[in-house]
Amino acid sequence: TLAITVKKSDFSEWYQQVIRKAELIEYYDVSGCYILRPWGYFIWEQIQRYFDDLIRTEDVENSYFPMFISAKHLNKEKEHVEGFKAEVAWVTKYGESDLNEPLAIRPTSETIMYPAFAKWVQSHRDLPLKVNQWTNIVRWEFKFPTPFIRTREFLWQEGHTAHSTKEEAIKQVYTILDFYEQVYGELLAVPVIKGIKTESEKFAGGDFTTTVETIIPQNGRGLQGATSHHLGQNFSKMFEINFEDDKKQKAFAWQTSWGLTTRSIGAMIMFHGDDKGLVLPPRIAKYQIVIIPIIHKDLDEKQLNERCEQIKQILIKQKLRVHLDNRDNYSPGWKFNKWEQKGVPIRLEIGPGEFKNNEVRVVQRFDNKKYQIKIEEINKLNQILDNIHNAMFEKAKIELNQRIKQADNWKEFMIQLNQRNTILTKWCERQECEQQVKGKSGMESKEKDSEINGQVQLTGSAKTLCMPLKQDEIKEGEKCFHCGQQAKRYVLWGRSY
Ligand SMILES: O=C1CCCN[C@@H]1CCCn1cnc2cc(F)c(F)cc2c1=O
Ligand SMILES: [Mg+2]
């Protein structure tokens, strides 16, 4: 059926229906893989364009590396790939013949790029080296797949830099983290919390991991939005990426790596969608405005079409992405429904009244506000779209903040977790304390592991999402919420995707 048959509160069913009825995704017969239709792919293109403009200011250069990795190369960083090897997909044949050496399909590209980095970096004059690539990635995840959020193939960018000093590398990590915050806030109208991953949750191959985390308001689950790692000299020592510094000493490069994936689109859908379907933030909408003529017996159809065409041309001159839906095989009501499902930010209706008064009827998708504007005021629409973006962002920030609660002890912590909130607590920063909280919260959580057709569903236990960069200072004598030892940092806990 055309309409979405559930409310957003029936969240996972709602999400599955929205992504299909908004024509973002088509299903595919390889589990965990999905077709990105033009309406959805356009969003990824906008993210690429925006992020490319940002990293260009950092002199990052786009490039392309091979997707296949020999077993020898992949196992170069044995210890940390160890934890991931179950996810690696391999090519073992071509035609009827076997490859004598199976080849891994890239799950990430450190082991592909860094041998080349070692060739390119000899002197400190070869630094900083900054490359990025936009590719697909394959990881044979076992958890239940969700389009955009968790898929076996996804699109991402991965940036990798090498620097002559630790300070420059660390500065790079945070500059990229700020870019990720901008992609989410300025483009997707999705609020994020910048933070640092705990030792247990960080990328094991690096020194520290920074992250932008968001919280899905409907279920209070944390969602990692993007990560920016300081790798220290771990990989440069492994791959011999070294250089002669200005004192003629051999020194290992200081490195960073950072990634943002198509999961960001899933976060945007979840935040902004409503019972009628997708709601697109204007800056990533393939059509920002759809014009719908309302044919009427007293109105000459040819004149109406000319008027609509004229309005469309004015909007194109204003650099807006506009579509005139003058198909004669669908009713206006059907068209209203369809374009609302697809999330078009503004609909302009032109019927006999508007024609006579030289105006258009504006219907705003995100808050359903309706009003008339004169044709000579059409230039207001650019500002109106900006106002819509800002209002969507403000609304999302309120909803996210409603899902963050404080707790000073275990009892309060579990009350909040069982109300599907994330919890900010003082914490001792001891890994075993973190592991105990994960274990106990799973045991005491009302939401147990659920097995659906053999797939383990999202668990009920809480994990750390990040230590927010912005946090109050902790004083001597302030206690960890769980173990009572001296607290060191505030950390945000939650169930996550
Ligand atoms: O997270 C990023 C940003 C972009 C570049 N890579 C880093 C670290 C990726 C961490 N990671 C994440 N997932 C992996 C999955 C695998 F199957 C595997 F072999 C390796 C990995 C793996 O190294
Ligand atoms: Mg993973």
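Predicted model, so just to flag it, every value in this text is computed and none were measured. Any value given below was found using the heavy atoms of this structure, including those in side chains, with hydrogens, waters and symmetry copies removed. One-based numbering, in listed order, for ligands and for the atoms of each.
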Engineer: Any protein N/O atoms within less than 3.5 Å of an N/O atom in ligand 1? List the atom names and distances, or say none.
Structural biologist:
unit_1   : atom_1 : unit_2 : atom_2 : d
ligand 1 : 1 (O)  : H229   : NE2    : 2.9
ligand 1 : 6 (N)  : T108   : OG1    : 2.9
ligand 1 : 6 (N)  : E110   : OE2    : 2.6
ligand 1 : 13 (N) : R139   : NE     : 3.4
ligand 1 : 13 (N) : R139   : NH1    : 3.4
ligand 1 : 13 (N) : R139   : NH2    : 3.4
ligand 1 : 23 (O) : H80    : NE2    : 2.9

Engineer: Using the ring of F208 (Phe, Tyr or Trp, six-membered ring only), decide whether K202 places NZ or CZ under 6.0 Å from its centre and within 45 degrees of its axis.
Structural biologist: no

Engineer: According to side-chain hydrogen bond (donor to acceptor under 3.5 Å, both in side chains), does anything in residues 400-417 pair up with another residue at least two apart or in another chain? List the pairs.
Structural biologist: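 Pairs touching residues 400-417 that pass the test: R403-N421, N409-E412, W410-E444, Q416-N421.
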
Engineer: Check whether the side chains of E429 and T198 place a donor and an acceptor atom closer than 3.5 Å, and report yes or no.
Structural biologist: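 No, no side-chain donor-acceptor contact under 3.5 Å.
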
Engineer: Quick one: salt bridge (charged side-chain N to carboxylate O under 4.0 Å, His left out) pairs with a partner in residues 105-132, sequence neighbours left out?
Structural biologist: E58-K130

Engineer: Return the set of residues passing salt bridge (charged side-chain N to carboxylate O under 4.0 Å, His left out) with E23 (not counting sequence neighbours), or none when no residue passes.
Structural biologist: K342

Engineer: Verify whether the ring centers belonging to Y114 and W120 lie closer than 6.0 Å.
Structural biologist: no

